[in-house]
Amino acid sequence: MDWTNERVEELRRLWGQGQTASRIADLLGGVTRNAVIGKAHRLGLRGRPSPIRRDDSAPARSAAPRIVPAAQPVKADLPPVEVSREAPRSAPIAQPAPASQPKVAGAGGMRSCSWPMGDPKQPGFHFCGAEAVPGRPYCTTHCGMAYQRKSEAAA
């Protein structure tokens, strides 16, 4: 769509009448609201007051910004995870738990690995269940898969 002289004049006239950009776009046809706003800006047409009416009886807001103290991030002192960079094994990394006793995260006295095994929508879905690394949700094997140093990930 080209902005012909006739369409520019129609835009100026409708803008001057106080029509909304959406209404002008509909009347002109073939242009979007954003195209109308952009053209009006490039033509230097004066902005108009917001159509949102403020209630004058409402108390005015103070112009002073609110100062909210930033929360300090909490960093747990977790032990580093030993990651072995061996060649991939042909056997699966973790054996699925028997279907009769699926492992559930947090079950039992020890912390167990929460690495999901299988599709959650399919029967037989379970968690790894191996002993978790202290302070981590996964076992050593799955920590090696889940946590990577930036320098190693970029290589």
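Keep in mind that this is a model prediction, so the values were computed, not measured.
When the side-chain hydrogen bond (donor to acceptor under 3.5 Å, both in side chains) test is applied to Arg23, no partner is found at least two apart in sequence or on another chain. Listed by chain and residue number, nothing satisfies the side chain to side chain contact (heavy atoms under 4.5 Å, CB included) test with Asp26 (two or more places apart in sequence, or in another chain). Qualifying side chain to side chain contact (heavy atoms under 4.5 Å, CB included) partners for Asn5, counting only residues two or more places apart in sequence or in other chains: none.
Here the CH2-OG1 distance, from Trp115 to Thr141, works out to 10.5 Å after rounding to the nearest 0.5 Å. Between the SG atom in Cys113 and the CZ atom in Phe127 there is a gap of 9.5 Å [rounded to 0.5 Å]. Distance check: Arg7 CZ to Ile24 CD1 gives 12.0 Å after rounding to the nearest 0.5 Å. Between the CE atom of Met145 and the SG atom of Cys139 there is a distance of 9.0 Å, given to the nearest 0.5 Å.
The list of side chain to side chain donor-acceptor pair (under 3.5 Å) pairs with a residue in residues 10-22, not counting sequence neighbours, reads Glu10-Arg13.
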N/O donor to acceptor pairs below 3.5 angstrom from side-chain atoms of residues 29-45, sequence neighbours left out:
from  : atom 1 : to    : atom 2 : distance (Å)
Thr32 : OG1    : Ala35 : N      : 3.1
Arg42 : NH1    : Gly38 : O      : 3.3

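Judged by the 6.0 Å distance and 45° axis criteria, Arg136 is positioned over the aromatic ring of Tyr147.
Here the side chain of Asp2 pairs no donor or acceptor atom with the backbone of Thr4 at under 3.5 angstrom.
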Just do the side chain to side chain contact (heavy atoms under 4.5 Å, CB included) check on His142 and Cys128 with the steps written out, would you?
-> CA-CA 9 Å; His142 290 124; Cys128 169; 3.6 Å; yes
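Nearest approach of Phe125 to Pro116, heavy atoms of both residues: CE1-CB, 3.6 Å.
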